[in-house]
Amino acid sequence: MARNDASPPSDFIRVIVDEDLRTHRHQGRVATRFPPEPNGYPHIGHAKSICLNFGIAAQYGGTCNLRMDDTDPSGESMEYVESIIRDVKWLGFDWQDRLYYASDYYEKLYQYAMRLIRVGKAYVCDLSADEIREYRGTLTEPGRESPYRNRSSEENLALFERMRAGEFEDGARVLRAKIDMTSPNITMRDPVMYRIKKENHYRTGEKWCIYPMYDFAHCLSDSIEGITHSICTLEFENNRPLYDWFLKELNVEPRPQQIEFARLNLSFTVLSKRKLIELVEKGVVSGWDDPQMPTLSGMRRRGYSPEAIRNFCERIGVSKNDSLIDMALLENCVREDLNERAQRVLAVLRPLRVVIDNYPEGEVEEFDCPYHPKNPEMGSRKVPFSRVLYIEQEDFLENPPKKFFRLAMGREVRLRYGYFIRCVGVVKNANRGEVSEVHCTYDPETRSGFAPDGRKVDATIHWVSAAHSVPAEVRLYDRLFRIADSLGEGPDFMEYLNKKSLETLGSCRVEPSLSHAAPGDRFQFERLGYFCVDSADDKDKVLIFNRTVTLRDAWARIAEKGDDR
RNA sequence: UGGGGCGUCGUCAAGCGGUAAGACACAGGAAUUUGGAUCCUGCAUUCGGAGGUUCGAAUCCUCCCGCCCCAGCCA
């Protein structure tokens with residue numbers, strides 16, 4: 001059946017939830033959680049998970065917790081926690097008072113571990129990391145049991161307490177679950193539950209020197225919070241038996257169920273934390289919030305709206321297929337949103353001086369220009385017009401190809417919201433021969449863009465008054481990578497960086513109304529694209545605009561198709 | 001060649017035994033004071049492949065092929 005915008009999205013996870021509700025599993029409750037590890041900034045891939053988890057909770061009248069999955073002190077920090085909180089909020093979701101930290105469960109988890117030891121399901125192992133790997137076997141060969149596997153629970157208890165007390169060095173011992181070294185699922189071959197790390201934790205400080213592993217901590221954290229549907233990505237599918245094992249052996253209630261979906265892949269960018277960190281650390285980008293980054297903070301600074309991102313997350317769907325979403329879909333979502341709400345303004349990125357020969361020197365008039373062509377309620381502003389203007393360099397061509405219908409020698413075009421002008425001459429740069437100035441005449445009868453004699457014009461171009469416009473810097477962003485996919489593993493992916501992903505234009509001129517624009521404000525520069533006032537750099541109060549996305553450009557496509565002169 | 005998962009249009013994705021939704025992309029056209037937005041139109045006789053069951057299969061069965069994940073004291 002066709003789905004209209006009003007009907008909520010349906011996917012295999014919601015089908016499961018529907019069924020669980022129908023059969024009254026989980027006492028009819030729906031409780032999800034978004035559990036990031038605070039060791040990086042959230043990106044568009046996290047947005048997919050955030051929208052899924054919070055979306056399902058909202059749809060079924062349940063709850064969604066925000067939980068920092070902070071079980072490994074190395075790499076985690078408050079800066080990341082803050083970025084996560086800021087970004088989830090910005091996306092428009094509310095966890096109310098349910099902000100939790102796995103690190104708050106350390107004591108409970110420790111008690112659970114002791115219980116497992118007491119019932120003979122966990123043991124302290126003295127093997128080194130290398131030895132454990134060796135004993136683990138391979139994909140095709142079973143593993144071997146550790147020589148420490150059969151210690152008495154008294155001995156294990158004592159040893160584990162001493163681990164906690166800090167009596168052993170990092171890596172000297174670990175606590176392992178006693179499951180099955182011959183399991184075809186490697187995850188079940190006596191997985192490590194606790195390791196010793198004498199590191200300062202950003203929240204618990206020096207209190208602990210043993211830290212629980214993900215598999216042990218996650219299922220129990222879910223249970224502690226009463227989570228019903230623990231949604232995670234596909235790579236954890238192998239871990240599900242272990243997730244269930246801990247819950248079963250500890251006999252805890254309630255028992256959350258883990259459901260896996262495919263993580264987001266987006267063309268022309270990377271979404272792995274490791275690669276994003278590398279981009280930041282190697283200075284390829286200016287930081288986590290660089291507008292080129294697929295991070296939520298970068299996209300926000302670039303001008304993406306939360307609505308556009310949420311819509312994108314809904315449109316891509318949820319499944320178990322490995323997929324690569326076309327960046328064009330994301331771009332379509334921003335355009336769709338910004339087309340509705342962005343004010344239209346005039347800005348010239350690469351100025352070309354135009355002198356209107358027959359316009360009186362010193363005279364200035366103002367045109368009343370609507371902020372939106374379809375929404376009059378968005379109001380209008382006055383835009384000054386005078387004898388000397390700037391137009392876009394690419395809107396004038398000395399030798400225009402067949403389908404180019406902007407300004408050229410002898411041609412007449414319309415200045416948006418203004419007069420018709422006809423090109424009557426050019427001034428060329430003495431040494432290089434480039435056109436440095438264009439001379440035109442205007443038709444006073446065409447004042448608001450209409451000719452009383454009914455004559456038409458092929459093009460409408462944007463402009464600003466030279467004397468009244470204000471200078472601005474504009475940053476043109478393009479895709480971060482040159483190729484859509486197969487960015488490769490290892491350090492190779494850097495070789496596919498798009499060297500032209502950022503072009504900074506320093507001598508742009510924008511209409512005077514923009515001098516009051518505030519950081520984060522979004523506009524459509526007519527005929528060019530959507531732009532957002534930068535919110536991080538403040539170069540001595542010079543206006544800086546980041547290009548969010550271009551407008552669709554039919555001319556660019558025609559021009560690309562080749563020479564049609 | 002162990003185990004787990006996945007294969008429906010260029011990219012996503014519905015479909016759950018009754019004869020292939022939708023979106024993006026793409027291609028035409030209408031209209032247009034943004035070569036924008038809008039509006040029409042076209043775009044899988046076929047569902048990784050081969051057999052089989054059935055009146056009828058993308059949906060069930062069998063075999064095969066391809067891709068992804070797992071051998072961190074990361075998550």
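Lettering of chains follows the sequences in order, A, B, ..., and the numbering in each one begins at 1. Please read these numbers as outputs of a predicted model, since none were measured by experiment.
With a cut-off of 3.5 Å on both pairing distances, the Watson-Crick or G-U wobble partner of B:G66 is B:C6. Nucleotide B:G35 has no partner under the Watson-Crick or G-U criteria, as no pair reaches both atom distances under 3.5 Å. Base pairing analysis places B:G72 opposite nothing; no Watson-Crick or G-U wobble pair with both distances below 3.5 Å involves it. Across all strands shown, B:A21 has no partner, as no Watson-Crick or G-U wobble contact with both distances under 3.5 Å is found. Checking B:G42 for Watson-Crick or G-U wobble geometry (two distances, each under 3.5 Å) identifies B:C26 as its partner.
When the side-chain nitrogen and oxygen atoms of A:Arg557 are compared with OP1 and OP2 of B:G35, none of them lie within a distance under 4.0 Å. Contact annotation: A:Arg136 side-chain N/O to B:G72 OP1/OP2 distance is under 4.0 Å.
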Atom pairs, N/O to N/O, protein against nucleotides 37-40 of chain B, distance under 3.5 Å?
residue : atom : partner  : partner atom : Å
B:A37   : OP1  : A:Arg552 : NH1          : 2.2
B:A37   : O2'  : A:Asn339 : ND2          : 2.9
B:A37   : N3   : A:Lys374 : NZ           : 3.2

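Among B:C73, B:G35, B:C74, the nucleotide with an atom closest to any side-chain atom of A:Val192 is B:C73. The side chain of A:Ser323 lies closest to B:C12, out of B:A25, B:C73, B:C12. Candidate nucleotides B:G36, B:G72, B:C12 were compared by shortest atom distance to the side chain of A:Ile316, and B:C12 ranks first.
Shown here are the ring pair (Phe, Tyr, Trp, His ring centres under 6.0 Å) partners of A:Phe523, two or more places apart in sequence or in another chain: there are none. Here A:Tyr110 pairs with A:Phe160, A:Trp208 under the ring pair (Phe, Tyr, Trp, His ring centres under 6.0 Å) rule; sequence neighbours left out. With sequence neighbours left out, A:Tyr442 forms a ring pair (Phe, Tyr, Trp, His ring centres under 6.0 Å) with A:Tyr359, A:Tyr419.
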Can A:Tyr202 and A:Asp70 be said to form a side-chain hydrogen bond (donor to acceptor under 3.5 Å, both in side chains), step by step? CA-CA 9 Å; A:Tyr202 79 102; A:Asp70 52 359; 2.7 Å; yes
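For the C1' atom pair drawn from B:C6 and B:U19, the interatomic distance equals 26 Å after rounding to whole Å. Remark: the separation of the P atoms in B:U32 and B:A14 is 41 Å, to the nearest Å. Here, B:U45 and B:C73 have their P atoms 50 Å apart, quoted to the whole Å. To the nearest whole angstrom, the two P atoms, one in B:U46 and one in B:G10, are 13 Å apart. Comparing B:G36 with B:C16, their C1' atoms sit 43 Å apart, to the nearest whole Å. Distance check on atom C1': B:G15 versus B:A57 gives 13 Å, rounded to whole Å.
Using a 4.0 Å heavy-atom distance criterion, A:Val318 is classed as a sugar-phosphate-only contact. Residue contacts for A:Pro36: at a heavy-atom cut-off of 4.0 Å it reaches no nucleic acid atom on any strand shown. At a threshold of 4.0 angstrom between heavy atoms, the contacts of A:Arg414 include nucleobase atoms, whether or not backbone atoms are also involved. Residue contacts for A:Tyr194: at a heavy-atom cut-off of 4.0 Å it reaches no nucleic acid atom on any strand shown. As judged by a 4.0 angstrom heavy-atom cut-off over every strand, A:Leu127 is placed among the base-contacting residues. Contact annotation for A:Glu37: backbone-only contact, meaning every heavy-atom pair under 4.0 Å involves sugar-phosphate atoms and none involves a base. Heavy atoms of A:Gln524 sit under 4.0 angstrom from at least one base atom. As judged by a 4.0 angstrom heavy-atom cut-off over every strand, A:Phe450 is placed among the base-contacting residues. Among the protein residues, A:Val174 comes within range of the nucleic acid bases, having at least one heavy atom under 4.0 Å from a base atom. A:Asp215 comes within contact range of no nucleotide atom at all, as no heavy-atom separation falls under 4.0 Å. At the heavy-atom level, A:Ile132 lies under 4.0 Å from base atoms of the strands shown.
Rounded to whole Å, atom P of B:G36 lies 11 Å from atom CZ of A:Arg527. As a whole-Å value, the separation of A:Glu235 CD from B:A71 C1' is 17 Å. When the C1' atom of B:U32 is taken as reference, atom CZ of A:Phe405 falls 11 Å away, rounded to whole Å. Here the C1' atom of nucleotide B:C70 and the CD atom of A:Glu260 are 13 Å apart, to the nearest Å. A:Arg144 has its CZ atom 14 Å from the C1' atom of B:A71, to the nearest Å. Counting to the nearest Å, the P atom of B:A25 and the CD1 atom of A:Ile325 are 13 Å from each other. Taking atom CD1 of residue A:Ile277 and atom P of nucleotide B:C74, one finds them 15 Å apart after rounding to whole Å. Here the C1' atom of nucleotide B:C12 and the CD atom of A:Glu314 are 14 Å apart, to the nearest Å.
Judged by a 6.0 Å distance limit and a 45° cone about the ring axis, A:Arg144 is positioned over the six-membered ring of A:Tyr135. Judged by the 6.0 Å and 45° rule, A:Lys275 forms a cation-pi pair with A:Phe493. For the pair A:Arg173 and A:Phe168, the cation-pi test (distance below 6.0 Å, angle within 45°) is passed.
Comparing A:Met213 and A:Val15 by the nucleotide of RNA chain B that holds the closest heavy atom to each, the one mapping nearer the 5' end is A:Val15. A residue-by-residue look at A:Asp326 and A:Leu329 shows that A:Asp326 has its nearest nucleotide of RNA chain B further toward the 5' end.
Between the side chain of A:Arg406 and the base of B:G35, a donor-acceptor pair under 3.5 Å is found.
A side-chain donor-acceptor contact under 3.5 Å links A:Thr138 to the backbone of A:Glu141. Side-chain atoms of A:Asp11 come within 3.5 Å of backbone atoms of A:Ile13 as a donor-acceptor pair (strictly under, hydrogens ignored).
Contact record, A:Ala113 with A:Phe216: N-CZ, 3.7 Å, taken as the closest heavy-atom pair.
A:Arg203 and A:Ser103 are linked by a side-chain donor-acceptor pair at a separation below 3.5 angstrom, with hydrogens and angles left out of the test. Counting only N and O atoms by type, the side chains of A:His372 and A:Gln343 include no donor and acceptor under 3.5 Å apart. A donor atom on one side chain and an acceptor atom on the other are not found under 3.5 Å apart for A:Glu76 and A:Asn39.
No side-chain heavy atom of A:Ile210 sits under 4.5 Å from any side-chain heavy atom of A:Tyr106.
Stacking between A:Trp555 and B:G35 is present: the aromatic ring centre lies within less than 5.5 angstrom of the base six-membered ring centre, and the two planes differ by under 30 degrees.
RNA chain B is contacted by A:Asp69, A:Thr71, A:Asp72 of residues 68-76 of chain A, taking any non-hydrogen atom closer than 4.0 Å.
For A:Arg149, the CZ atom is densely surrounded, since the number of other residues' heavy atoms within 6.0 Å is greater than 12.
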So if I define the base as every atom that isn't primed, P, OP1 or OP2, how would nucleotides 1-7 of chain B read as a B/S/- string at a heavy-atom cutoff under 4.0 Å? -BBSSSS
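Ion pairing between a basic and an acidic side chain is recognised when a charged N comes within 4.0 Å of a carboxylate O; A:Glu560 and A:Arg557 show no such pairing.
Glycosidic conformation of B:G5: anti, with the torsion beyond 90° of 0.
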